[in-house]
Amino acid sequence: FMPVLISHIEVEPRLAEVSVCNNAAWAAGEIALQAGGDMEPWVNPLMERLVPILISSKAARSLTENSAVTIGRLAIVCPQLVAPHLQVFVAAWCQALADIKDNEEKDSAFRGICAAIQVNPNGISTVRPDCAWAVCSAALSLADCSLSHTGIWILPQRRRAVESAI
């Protein structure tokens with residue numbers, strides 16, 4: 001079923017297919033949470049579909065938001081596969097989640113991105129400081145102590161990455 005699901009995730013679906021695409025992107029994130037490491041073979045094909053949605057100016061806002069959440073959830077279960085792509089999408093990822101109210105989906109997305117940043121702290125080295133700060137401050141503001149500790153760990157990693165790029 002994953003190949004069919006992935007095939008429905010498109011940057012610019014026809015108007016009649018936007019909800020199908022949206023549901024496919026959302027379902028992939030839900031499946032990732034349930035499948036855990038078994039999701040590994042599907043992470044790269046999903047990233048190939050989801051990242052272009054994030055960086056597209058033409059994608060529907062709801063699709064961009066669902067794509068961002070799903071990428072975060074993929075990073076929960078396979079951070080080593082999402083981490084190499086951080087530099088390509090993390091700024092757009094932050095923007096996509098900026099206006100979403102705090103909820104369980106946003107929380108899980110940030111958990112995943114924090115896990116990916118732990119694997120590849122240099123992946124945010126070229127990101128604007130305000131975007132990197134958004135990730136860190138969100139991590140610090142969430143109720144779960146383990147994520148707060150992750151956010152605290154990311155702050156010095158971000159500083160070192162920026163300093164090494166200068």
Side-chain angles (χ1 to χ4, degrees), residues 1-121 123-124 131 134-135 138-139 141-151 154:
F1 66 92
M2 286 305 294
V4 173
L5 183 78
I6 292 168
S7 74
H8 288 293
I9 300 172
E10 299 177 28
V11 175
E12 294 180 51
R14 293 189 320 234
L15 187 58
E17 297 172 352
V18 171
S19 62
V20 172
C21 185
N22 229 342
N23 289 337
W26 175 83
E30 292 291 323
I31 292 167
L33 292 178
Q34 298 303 312
D38 291 340
M39 196 69 179
E40 187 171 330
W42 307 110
V43 173
N44 285 328
L46 281 163
M47 293 295 289
E48 289 170 5
R49 297 289 185 127
L50 297 169
V51 170
I53 291 169
L54 273 183
I55 60 178
S56 171
S57 60
K58 296 180 181 182
R61 182 176 173 181
S62 60
L63 181 55
T64 302
E65 291 169 355
N66 279 335
S67 296
V69 169
T70 294
I71 288 172
R73 288 176 165 188
L74 292 171
I76 287 174
V77 299
C78 296
Q80 74 284 0
L81 297 177
V82 174
H85 306 281
L86 281 169
Q87 206 163 13
V88 174
F89 73 81
V90 76
W93 185 91
C94 288
Q95 186 63 41
L97 293 180
D99 296 328
I100 295 178
K101 64 180 173 140
D102 290 345
N103 60 30
E104 187 177 320
E105 289 181 349
K106 187 174 182 178
D107 177 82
S108 65
F110 273 95
R111 284 177 203 280
I113 289 303
C114 288
I117 293 169
Q118 283 183 326
V119 171
N120 179 17
I124 61 169
C131 175
V135 173
S141 70
L142 294 168
D144 186 326
C145 189
S146 66
L147 185 56
S148 296
H149 291 305
T150 301
I154 289 170

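What you see is a predicted model, and the numbers here were worked out from it, not measured in a lab.
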Point-to-point distance, once rounded to the nearest 0.5 Å, from CD1 of Ile124 to CH2 of Trp93: 11.0 Å
Please tabulate, for side-chain N and O atoms in residues 30-53, each donor-acceptor pair with protein atoms closer than 3.5 Å (sequence neighbours left out).
unit_1	atom_1	unit_2	atom_2	d
Glu30	OE2	Arg73	NH1	2.5
Arg49	NH1	Ile9	O	2.8

Min side-chain heavy-atom separation Ser108-Lys106 under 4.5 Å: no
Closest non-hydrogen atom pair, Ala109 against Ala68: CB-O, 4.3 Å
Stepwise side chain to side chain contact (heavy atoms under 4.5 Å, CB included) test for Val82 and Asn120: CA-CA 9 Å; Val82 174; Asn120 179 17; over 6 Å; no
Approximate separation, where rounding is to 0.5 Å, of Asn66 CG and Cys21 SG: 9.0 Å
Verdict with reasoning, Ile117 to Leu86, per side chain to side chain contact (heavy atoms under 4.5 Å, CB included): CA-CA 8 Å; Ile117 293 169; Leu86 281 169; 3.9 Å; yes
Side-chain heavy-atom pair Val69, Leu97 within 4.5 angstrom cut-off: yes
Rounded distance [0.5 Å steps], CD in Glu105 versus OG1 in Thr70: 8.0 Å
Ile76 side, atom CD1; Ile71 side, atom CD1 - distance, nearest 0.5 Å: 13.0 Å
Polar side-chain atom of Ser67 near backbone of Leu54 as donor-acceptor pair, under 3.5 Å: no
Residues in side-chain contact (heavy atoms from CB on, under 4.5 Å) contact with Arg14, at least two apart in sequence or another chain: Glu17
